[in-house]
2 protein chains.
Amino acid sequence: MTDDVMTIRAFNRTVTRRLGVLNEKYLGREHPLIESRLLFEIGADGVLVRDLRARLGLDSGFLSRTLRALEGKRLLNTIKHRVDGRTRFAKLTRQGVAELRRIDALSNKLAESLVAPLTDEQTRRLISAMAEVDRLLRASGVEIAQTLPGSPEARWCLDQYFDELASRFEGGFDRGAGMASDVECFVPPDGTFLVARLFGTPVGCGALRTLGSGVGEIKRMWLAPEMRGLGVGRRLLAALEHAACERKMRAIRLDTHKSLTEAIQFYRLSGYREIARYNNNPYAHHWFDKTLTMHRRARD
Amino acid sequence: MTDDVMTIRAFNRTVTRRLGVLNEKYLGREHPLIESRLLFEIGADGVLVRDLRARLGLDSGFLSRTLRALEGKRLLNTIKHRVDGRTRFAKLTRQGVAELRRIDALSNKLAESLVAPLTDEQTRRLISAMAEVDRLLRASGVEIAQTLPGSPEARWCLDQYFDELASRFEGGFDRGAGMASDVECFVPPDGTFLVARLFGTPVGCGALRTLGSGVGEIKRMWLAPEMRGLGVGRRLLAALEHAACERKMRAIRLDTHKSLTEAIQFYRLSGYREIARYNNNPYAHHWFDKTLTMHRRARD
DNA sequence: GTCATTATCTGACTGTAGTCTAATAAATGT
DNA sequence: ACATTTATTAGACTACAGTCAGATAATGAC
């Protein structure tokens with residue numbers, strides 16, 4: 001374990017220095033960093049200033065002033081939004097798009113300069129190790145937190161979830177039927193609604209509700225496709241089970257559709273036993289059950 | 001190749017964000033970053049302010065002011081150096097050492113927090129991928145440059161080199177015999193002296209001199225132990241051969257001691273053929289030769 | 001229509017991380 | 001002894017990346 005810590009610290013040092021130096025060398029000192037970031041985030045299609053602020057978590061005054069600076073350099077325009085006159089839409093000018101492409105090319109050059117001194121074999125190994133680190137750091141960076149099912153983030157996750165059901169179920173999926181009404185049951189203290197976030201943006205969700213005395217039910221478990229297979233589902237499920245334990249539940253049930261094969265497999269591996277139908281959900285083909293033991297401890 | 005660039009850029013983004021956030025969370029906002037860095041670099045034993053400045057490449061005024069700030073916090077003292085009254089020696093106070101230990105503990109915590117959410121198997125894979133990335137980024141970060149054999153960096157490398165010879169040769173090694181006098185032959189245009197640097201500090205060297213008409217000789221090839229097996233030797237040798245080509249040399253010779261088995265192996269793999277004794281170096285047991293082809297191109 | 005909310009903008013202010021110039025003092029070369 | 005170099009220090013200045021308080025304008029709820 002101490003060795004692990006030393007390896008991580010050496011990695012931290014090397015990577016920070018190496019990438020820091022290169023980022024500065026290739027991207028720095030032509031614009032302030034924040035301006036490059038903005039050009040990059042605004043992109044060729046433009047964004048609402050409001051979304052930009054939310055995404056980057058910037059102070060509104062600071063963002064406003066930085067946008068003015070970019071306007072002064074003729075790299076972007078902001079125009080009043082047609083629908084909501086309070087917000088503005090930021091769009092790169094032709095010059096702005098050119099500048100963005102230039103930054104992008106520099107960024108590629110930076111990446112190439114990292115592997116340029118290496119042999120092909122070393123390059124291959126570096127790339128695959130980088131992909132592994134990226135994957136696992138993203139996995140470890142996911143934070144799970146409680147939220148209200150009506151929050152914008154929860155709604156966004158649920159939209160993604162229902163869209164996916166609609167595309168995967170053969171006969172489609174009608175989200176209207178009873179889906180909006182049961183939101184209340186995911187609110188504490190009877191239930192809970194968890195979102196998983198990576199770098200502040202939601203990448204998954206899961207809900208718990210009380211089904212009967214001492215019995216809970218897990219619903220709405222969803223993970224962004226790019227986050228699957230990283231152990232985030234396991235942590236989300238553990239957090240829901242932890243919430244169930246806190247509510248003195250002794251067992252958890254859940255149902256799922258036959259087309260969601262990874263989910264079925266996932267629940268089986270997580271200690272859920274298939275049981276007989278316990279509800280009349282028209283979209284369910286499998287029903288599961290797990291008895292909670294008291295000493296269970298979630299890692300979230 | 002485009003895929004590689006995308007992988008590197010994704011890695012850059014994820015790692016910068018993840019480590020940046022954590023560095024700030026654990027290390028930030030108690031001292032300015034530069035003060036933590038200084039505490040860390042000064043260490044429990046103290047350093048000469050001159051060396052500190054050289055190592056971190058800081059502006060002397062800036063360093064001076066930052067040291068004053070740390071003195072004000074009673075974390076260090078600077079005292080006039082006994083031998084050279086111009087420079088000062090910076091030493092942590094008892095409180096400074098305690099603070100350093102605290103920062104160190106936070107740094108360990110940071111490292112642990114990176115793997116805490118992962119399974120044991122994921123942790124194992126992340127650690128080994130990090131070690132690989134660290135290794136290869138250090139390899140790719142090495143820069144090879146020409147210098148004079150009398151420069152402080154060159155002298156430092158040569159000291160390391162001769163120390164290693166002294167410890168590896170059974171009968172020891174006498175560096176006095178003709179070693180100081182031949183420094184002139186490594187100066188352009190007849191010869192050259194190259195140092196390999198990683199993050200500004202020397203990690204290897206190699207020299208070329210003219211042996212006769214159209215024939216060069218490679219001498220003083222040394223690599224810091226921690227940089228071996230990373231392909232840096234190959235690059236250094238290629239750079240020396242490139243320098244030889246520039247000098248219109250048609251062949252290169254070199255000799256080596258029987259105890260330097262990696263070197264012997266390395267030269268063989270690099271296209272050198274063992275030949276008969278061509279000099280009367282008392283420490284040589286193997287003599288090598290390589291004919292240079294005109295189209296050879298070094299990557300450095 | 002009123003009022004609270006949301007979004008942006010403006011201006012004043014802060015902390016960090018420097019750079020640059022000049023002064024001073026000690027050491028070194030001749 | 002004197003000039004040059006080296007090392008530190010002090011002070012003035014800059015760029016960047018914000019924070020915070022308040023003004024203004026549009027929207028949405030009632």
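Lettering follows sequence order; numbering is per chain, from 1.
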Got a list of side-chain donor-acceptor pairs under 3.5 Å for residues 155-163 of chain A, not counting sequence neighbours?
residue	atom	partner	partner atom	Å
A:R155	NE	A:G150	O	2.8
A:D159	OD1	A:R175	NH1	3.4
A:D159	OD1	A:R175	NH2	2.9

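- Note on residues 190-205 of chain A: pairs passing salt bridge (charged side-chain N to carboxylate O under 4.0 Å, His left out), not counting sequence neighbours, are A:E153-A:R197.
- Residues that satisfy the side-chain contact (heavy atoms from CB on, under 4.5 Å) test with B:L223, not counting sequence neighbours, are B:M227, B:R228, B:V232.
- The distance from atom CG of B:L56 to atom P of C:dG18 is 10 Å, rounded to the nearest whole Å.
- Taking A:P149 as the reference, A:V183, A:F186, A:V187, A:F193 meet the side-chain contact (heavy atoms from CB on, under 4.5 Å) condition, with sequence neighbours excluded.
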Pairs of donor and acceptor atoms involving the side chains of residues 70-78 of chain A, under 3.5 Å and at least two apart or interchain, shall be tabulated with distances.
residue	atom	partner	partner atom	Å
A:E71	OE1	A:R68	NE	2.8
A:E71	OE1	A:R68	NH2	3.3
A:E71	OE2	A:T78	N	3.1
A:E71	OE2	A:T78	OG1	3.1
A:K73	NZ	A:E35	OE1	2.7
A:T78	OG1	A:R88	NH1	3.0

Under 4.0 Å protein heavy-atom contact, by nucleotide of nucleotides 8-14 of chain D - B base, S sugar-phosphate only: BBBBB--
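- Atom CG in B:L33 sits about 13 Å away from atom C1' in C:dG18, given to the nearest Å.
- A salt bridge does not link B:D4 to B:R9: none of the charged side-chain nitrogens sits closer than 4.0 Å to a carboxylate oxygen.
- Contacts between residues 36-47 of chain B and DNA chain C, defined by a heavy-atom separation below 4.0 Å, involve no residue at all.
- Both A:E35 and A:R82 sit near DNA chain D, but only A:E35 has its closest nucleotide nearer the 5' end.
- Residue A:K80 places at least one side-chain N or O closer than 4.0 Å to OP1 or OP2 of D:dA26.
- Among pairs with a residue in residues 89-101 of chain B, those fulfilling salt bridge (charged side-chain N to carboxylate O under 4.0 Å, His left out) read B:E99-B:R102, at least two apart in sequence or across chains.
- Considering only side-chain atoms of B:I34, the nucleotide from C:dG18, C:dA27, D:dA17 that sits closest is C:dG18.
- Remark: A:N12 pairs with A:T16, B:L19, B:N23, B:L110 by the side-chain contact (heavy atoms from CB on, under 4.5 Å) rule, at least two apart or across chains.
- Here D:dT5 presents its C1' atom at 12 Å from CG of B:D84, a figure rounded to the nearest Å.
- Distance CG (B:L58) to P (C:dC20): 14 Å, rounded to an integer number of Å.
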